[in-house]
Protein chains: 2
Amino acid sequence: MKRPTIADIARRAGVSKGAVSYALNGQPGVSEATRQRIVAIAQEIGFNPNSAARALSGASARAVGLTLCRPARILSIEPFFMGLISGFEQELAARSYALTLQVVATPQTETDVYRRWWGERRVDGVFVTDLRENDIRIPVLNELQLPAVVIGGPGDTGQLPQLWSDDAGAITEAVGYLMALGHRRIARVGGLPDLLHTQTRTRAFTEVCASLGLSEAVTVPSDYTGEEGGRATRRLLINAERPTAIIYDNDVMAVAGLSVAQEMGLSVPGDLSIVAWDDSPLCSLVHPPLTALTRDIAAYGAHAARQLLAAIAGEPVKDVEEGTAHLTPRGSTAPPRDS
Amino acid sequence: MKRPTIADIARRAGVSKGAVSYALNGQPGVSEATRQRIVAIAQEIGFNPNSAARALSGASARAVGLTLCRPARILSIEPFFMGLISGFEQELAARSYALTLQVVATPQTETDVYRRWWGERRVDGVFVTDLRENDIRIPVLNELQLPAVVIGGPGDTGQLPQLWSDDAGAITEAVGYLMALGHRRIARVGGLPDLLHTQTRTRAFTEVCASLGLSEAVTVPSDYTGEEGGRATRRLLINAERPTAIIYDNDVMAVAGLSVAQEMGLSVPGDLSIVAWDDSPLCSLVHPPLTALTRDIAAYGAHAARQLLAAIAGEPVKDVEEGTAHLTPRGSTAPPRDS
DNA sequence: TGAATTTACTGAACCGGATAAGTGACGCGA
DNA sequence: TCGCGTCACTTATCCGGTTCAGTAAATTCA
């Protein structure tokens, strides 16, 4: 089956290629009657403009890119990215933008991919996730002038617009809630320590606890995997002065932590309260269901996509702080037994 | 920053554009000395061929597509697809193929996306997952002559090559294992009933149980979500003659089922044994860890990607049955208490 | 040694759109 | 009635690769 081109439409309509192009793109230069005739023919023969030809003649590639830099075993179970992708798609699909995905091993490889995509003119812009301190991807993107939106700051991104959520507010709410329940020894199992938003959370957690008079607010670094989350939990619970509540930086570690606590004979929430950061169906699935800091990740992704499309269109894009995650209390939190 | 083109290389090397193209693509027509000089220059200035230009001049788009037809809330937590995608990427990245993703709502939309991708010449081929009976996507792909690999058969796919795993073998192993433990009332919570591989599994489950003399082998249809999986479990456990073991068609439903059982005061594995189909870190995370039918989903995806690339290259591709999933016994299975 | 073949290139056409520049017809005001 | 501006197009060029046809020089072979 042959792909229809504008030349085919032009022949059938008895006009030139140029007229067809103007008509289909809503440009002035054709009469309304002709435009409608051309559009009807395009519809009838199922015309879709060849994206390569369009990209080649200076217009956009109508595609954006996303690189994922996490090992496969984390990606498969981490609900965050799929939620984000679903959000991207809501906006992208509506405007017929394609999303190009690449799973990479290191941030270094990520910059290589950006360079290649840029050289190949394969994408009009990219989403940058997991911002780090002195992130090597930022100068590359600035050098290439490749439109991008940075998710997971705030940080120093040069000209690149960024989007983040109010982690300090969220953690304030969570700690406040646990204190109100009577908890005084609250720990946190953090995400990858070199990610900027992990650092933001750690700083906020320390400050909030200090301001509320909790001296022993410890954060144990981890890597978002269930194994590490479980190990960190075990280390925390072995202590004589073990915490009565733990906040986890993602749902997977929270579930693993719950499992470790039960395995050690501790009851949740009787002996230990658990709060998961980022809610997902996973949190409601386990027993007891986990109290979580809920935010609408798909909406977050959709917002990022709108920003990226605006940046690609050359519109000015400002940094945005998305709303604060709010606490969804479930069965995993209660007053500590011995309080 | 200007993108380097072959014209830039040609100028610096003092040859024509054609010679550069031959040199970089390993075609005959240039001397070895010239080829090396050209390759060196390309390396030095960081040349990447413009994918649009390449696609336009008849060569391939060097991209393949994947449509995901599941609601966002399932996608985010279902580890299968991310595992599959990681597997695709292993093969695709090695050959600089891009993966284009689109999340859609219905199989009808999926065919629209295929048509658009084909018309836009955006992808060279697609992965088809979740094969259904009389799947409307198959005739469209055959009509468009768009190379594709079908994952999740076996079924009637016309000329399209397919890849599936030996579900009958896996379920035989699982049922045999549970029987050996002493279980006689085994139930199954199935996946979406209109998916072909769900039907294969249901048929195999029924047959295996019948051949082993288990009369009451019931399959309850579900939709892969935790909520539905939990509800199905509750329905099964309410019965006076409740099953002593349940096999779940995915890990999410298995975890939900575990939670429901515990909530109802049943001990796992004492009162109820649980087997999850498809292992993921999720299964090891919960307490007790779930016995699972393990297969290497990333390898499965990599295999599918190799098949698709071969099909795109015009090589003959045969249908393949991947290896059987094998049982990984963990803490969620034991002899029934009253046996 | 001369013809035939091979090698190593060059030049130009082509893919399918976007778009700047050019053209003829028409309407309108002076 | 002439000239000007506007409309509705057409024509031609460009994007950056691939590829075919052509060509001059080098090599092979009788």
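Note: hydrogens, waters and symmetry copies are ignored here, and every other heavy atom, side chains too, is used. Each chain gets a letter, A, B and so on, in the order its sequence line appears, and its residues count up from 1.
Side-chain contact between A/L308 and A/E91 is absent, with no heavy atoms from C-beta onward closer than 4.5 Å. Between A/E133 and A/D194, the closest side-chain pair of non-hydrogen atoms is not below 4.5 Å. Between B/W117 and B/T67, the closest side-chain pair of non-hydrogen atoms falls below 4.5 Å.
A/R121 places no side-chain N or O within 3.5 Å of a backbone atom of A/L56 that could act as its donor or acceptor partner. At distances below 3.5 Å, at least one donor-acceptor pair connects side-chain atoms of B/R37 with backbone N or O atoms of B/A13. Of the possible polar contacts, none joining the B/Q102 side chain to the A/E89 backbone as a donor-acceptor pair under 3.5 Å is found.
At the heavy-atom level, A/S31 lies under 4.0 Å from the strands shown only through sugar-phosphate atoms. Contacts of B/T34 with the nucleic acid, taken as non-hydrogen atoms under 4.0 Å apart, involve only primed sugar atoms and P, OP1 or OP2.
We find the CZ-CZ distance between B/R70 and B/F81 to be 4.0 Å, quoted to the nearest 0.5 Å.
For the pair A/I9 CD1 and D/dC9 P, the computed distance is 16 Å after rounding to whole Å. As a whole-Å value, the separation of A/R62 CZ from C/dA18 P is 10 Å.
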Show me the protein contacts with nucleotides 22-25 of chain D, counting only N or O atoms at under 3.5 Å.
none

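Electrostatic pairing of B/R115 and B/E143 counts as a salt bridge here, judged by a charged N lying under 4.0 Å from a carboxylate O.
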*Using a 4.0 Å cut-off on protein heavy atoms (strictly under), produce a 5'-to-3' string for nucleotides 15-21 of chain D with B for base contact, S for backbone-only sugar-phosphate contact, and - for none.*
BBBBBB-

